[in-house]
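Convention: sequence-line order gives letters A, B, ...; per-chain numbering from 1.
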Number of protein chains: 2
Amino acid sequence: MKEATLKQIAETLGISITTVSKALKNYPDVSDKTRKAVHDLAHQLQYTPNSFAVNLRTKESKTIGVIIPELVHHFFSSVIDGIVAEAEKNGYLVIIQQSSESVVMEKSQVELLLNKRVDGIVMSLSNESNDDEHLKELLRRGVPFVQFDKISKLLNSSKVIIDDQKAALEATAHLISKGCTKIAHIRGPVNPQNAIDRFLGYKKGLEKHDIPFDPSLVYTCSRVSFEEGKEFAAQIIKDHPDVDGIFCITDLVAVGVLAYFNENNIKVPQQIKVIGFSNWFMSQVITPSLSTVEQPSYDMGVAAFNLLLEEMNARKENRSMEPKTVRLETQIIERESTRA
Amino acid sequence: MKEATLKQIAETLGISITTVSKALKNYPDVSDKTRKAVHDLAHQLQYTPNSFAVNLRTKESKTIGVIIPELVHHFFSSVIDGIVAEAEKNGYLVIIQQSSESVVMEKSQVELLLNKRVDGIVMSLSNESNDDEHLKELLRRGVPFVQFDKISKLLNSSKVIIDDQKAALEATAHLISKGCTKIAHIRGPVNPQNAIDRFLGYKKGLEKHDIPFDPSLVYTCSRVSFEEGKEFAAQIIKDHPDVDGIFCITDLVAVGVLAYFNENNIKVPQQIKVIGFSNWFMSQVITPSLSTVEQPSYDMGVAAFNLLLEEMNARKENRSMEPKTVRLETQIIERESTRA
DNA sequence: GGTATTTTCGAAAACGTTTTCGGTGCGAAA
DNA sequence: TTTCGCACCGAAAACGTTTTCGAAAATACC
């Protein structure tokens with residue numbers, strides 16, 4: 001009871017392998033009669049083409065690779081959700097790899113995927129990434145490649161991103177519109193591009209509404225954790241008791257801030273308003289519920305795959321393609337933590 | 001600038017393809033001199049075997065498939081984390097598929113993975129699954145296959161599970177040990193095995209401590225959502241104002257319960273204690289923090305892969321293997337919501 | 001009936017590897 | 001000198017498909 005092959009079908013039907021292959025792919029140069037006979041038998045034998053052979057012959061694997069820092073992260077798992085769904089629609093399979101925020105890993109993953117001859121790669125950089133030799137190598141080899149979220153600006157590849165600066169500006173403006181006049185910012189680590197951009201957006205937001213920028217109101221995360229949120233909340237209250245708004249790099253940190261305020265009986269939003277970033281699920285569930293910036297993670301996955309598909313098609317037809325950048329819209333979500 | 005092949009190496013070295021292949025795999029019947037020459041040149045040309053050809057020849061893909069109901073779920077993404085990590089150690093790649101809780105999807109995913117000739121499949125059933133024809137087909141074909149979490153008991157495959165009954169019993173006993181005497185249970189849907197088992201554990205827990213079981217204290221979820229938690233919390237207070245403990249099918253529901261109590265000024269844990277299941281991240285972050293049952297999700301992934309590996313090896317050597325069941329330990333995590 | 005055209009088919013090469021089996025050449029044993 | 005064993009190498013088949021190109025058969029046209 002082995003897998004059916006073209007050869008088997010050909011032999012039992014007394015025709016050549018060539019004809020069977022053509023019949024199955026509905027080539028014009030095969031008569032309706034034989035085409036039907038082949039289809040029927042193939043169906044009966046549950047014939048499915050051996051993908052190894054197809055791959056070897058066509059040099060396509062119909063498989064793409066995805067490398068992300070951490071799978072267990074609402075944002076990333078929902079991006080992958082989008083990628084997998086869109087890939088499936090187009091007959092592609094998705095191989096997942098985790099860099100665990102390490103560049104060394106990242107490199108070996110890329111190697112592995114190339115050995116597997118995936119048709120393309122989509123990837124979000126690890127925090128550690130500064131060396132991008134392995135990525136340049138991808139471009140040099142002409143491997144279809146798109147970056148999303150944590151990207152390297154210098155790399156001339158297709159990208160899917162949000163406008164972090166604009167989103168941060170809007171978040172800051174939102175706090176101001178709710179009456180805040182002294183706003184602190186808990187920012188992300190120094191290296192990643194999106195931490196930088198969100199900080200700049202915060203600064204611009206203040207300036208736009210004629211609030212002077214005060215560097216002492218900016219606190220820098222290293223681990224971007226719940227605990228850091230709590231620590232910085234305490235610090236902020238100690239340093240600047242009159243702060244009435246906080247913009248946090250991400251919801252996780254904001255939730256830490258809220259936890260500290262809850263424990264110390266500081267009223268949110270009455271005394272101080274808080275806004276996060278990314279719209280994690282828990283933000284709508286916590287008390288008070290957390291205002292935040294919605295990042296269209298699923299759509300980012302969809303967009304990333306489609307961009308990759310364009311590149312893969314271009315490569316198949318030996319066209320070169322100018323890398324594109326897709327920038328998706330974000331949206332302020334108002335909840336209790338910033339009610340006026 | 002194409003990929004290097006055995007043929008190229010053979011030609012530039014003036015030897016046969018066979019010898020090159022053997023040299024690279026360190027066969028004994030090739031002299032040290034040629035072996036070294038081949039290795040050097042291969043390294044220099046960055047030779048990597050074409051996996052399509054290898055697969056075709058060896059009939060192995062060194063790739064496994066994973067089918068889960070939802071990727072965007074802390075439990076599942078961390079199981080996958082475990083699978084991917086363990087697979088990588090053993091040189092396997094992982095293809096992820098989502099059934100989105102639909103049996104039809106589930107079937108087509110299985111098809112797809114079989115067409116791709118994955119070496120094995122690990123899978124958690126969708127809630128909808130009652131028809132397991134497609135799974136039996138897997139066993140019939142001898143495809144290495146392991147189930148985890150939501151399993152079909154009737155199917156004679158390897159499995160990785162927790163002891164839901166025991167865990168639920170312990171959770172109930174925990175509430176009792178904290179002084180609860182009237183304990184409600186918000187249970188999962190009627191079909192899935194783990195919902196049934198947790199309900200039975202709850203019942204046994206009561207009986208063990210001589211608390212009579214009262215069916216009117218059991219509430220049945222359909223969507224297992226945050227909102228349902230809130231609704232049932234209200235209902236419970238209305239039906240039984242003297243309830244002093246609630247055991248919830250999962251943390252998400254428990255968090256809904258806590259939210260309702262927070263909004264209505266019902267003190268947890270003073271007036272009523274709450275325990276969840278699964279130890280989602282948000283449980284430690286919410287106020288009051290939620291006691292729960294830790295499910296070793298990452299380890300389940302590791303165990304699932306290792307079981308699969310055993311089956312794959314058995315198949316390679318044409319041994320048949322008796323399916324095994326791995327049962328992992330759970331652990332009560334005490335937090336504020338059940339403090340005495 | 002002969003020629004031109006269309007329809008239908010198949011031989012064969014190619015993709016890159018792995019492995020079996022046999023063949024050299026050479027030194028040692030008889 | 002012959003024979004045997006050993007170390008080293010290579011020819012060739014096989015995995016299952018796709019596609020090119022030419023051939024044969026059937027049909028059309030004059």
Flag the pair [X] and [Y] as a salt bridge only when some basic side-chain nitrogen lies within less than 4.0 angstrom of an acidic carboxylate oxygen.
X         : Y         : value
Glu111(B) : Lys107(B) : no
Asp119(B) : Lys62(B)  : no
Lys316(B) : Glu60(B)  : yes
Asp32(A)  : Lys36(A)  : no

Review point. How do Ile17(A) and Asp29(A) order along DNA chain D: which one's closest nucleotide is nearer the 5' end?
Key: Ile17(A)
Study note, to complete from the structure: Per nearest nucleotide of DNA chain D, the residue lying toward the 5' end, Arg35(B) or Thr48(A), is Arg35(B)
Can you tell me how far [atom2] of [N] sits from [atom1] of [X], to the nearest Å?
X        : N       : atom1 : atom2 : value
Lys22(A) : dT8(C)  : NZ    : C1'   : 9 Å
Leu6(A)  : dA11(C) : CG    : P     : 15 Å
Leu56(B) : dT19(C) : CG    : P     : 13 Å
Leu24(B) : dC9(D)  : CG    : C1'   : 15 Å
Leu13(B) : dG10(D) : CG    : C1'   : 15 Å
Glu60(B) : dT17(C) : CD    : P     : 17 Å
Phe52(B) : dA14(D) : CZ    : P     : 24 Å
Lys33(A) : dT7(C)  : NZ    : C1'   : 13 Å

Practice item. Please work out if Thr5(B) contacts a base, only the sugar-phosphate, or nothing of the nucleic acid, heavy-atom cut-off 4.0 Å. Key: sugar-phosphate
Exercise for review: For Ser31(A), report the nucleic acid contact type (base, sugar-phosphate, nothing); a contact means any heavy atom under 4.0 Å.
Suggested key: sugar-phosphate
Phosphate OP1/OP2 of [N] contacted by [X] side-chain N/O (<4.0 Å):
X        : N       : result
Ser21(A) : dT17(D) : no
Ser16(B) : dG10(D) : yes
Thr34(B) : dC9(D)  : yes
Tyr27(A) : dT19(D) : yes

**Study point:** Shortest side-chain distance from Thr18(A), nucleotide among dT17(C), dG16(C), dT19(D)
**Key:** dT19(D)
Review point. Taking the side chain of Val54(A) as its heavy atoms from C-beta onward, which of dC9(D), dT17(D), dT17(C) lies nearest to it?
Key: dT17(D)
Review point. Minimum heavy-atom separation for Lys153(A) to Gln193(A), with atom names?
Key: NZ-NE2, 3.4 Å
**Study point:** Distance-only donor-acceptor test, Lys59(A) side-chain atoms vs dG16(C) base atoms, 3.5 Å
**Key:** no
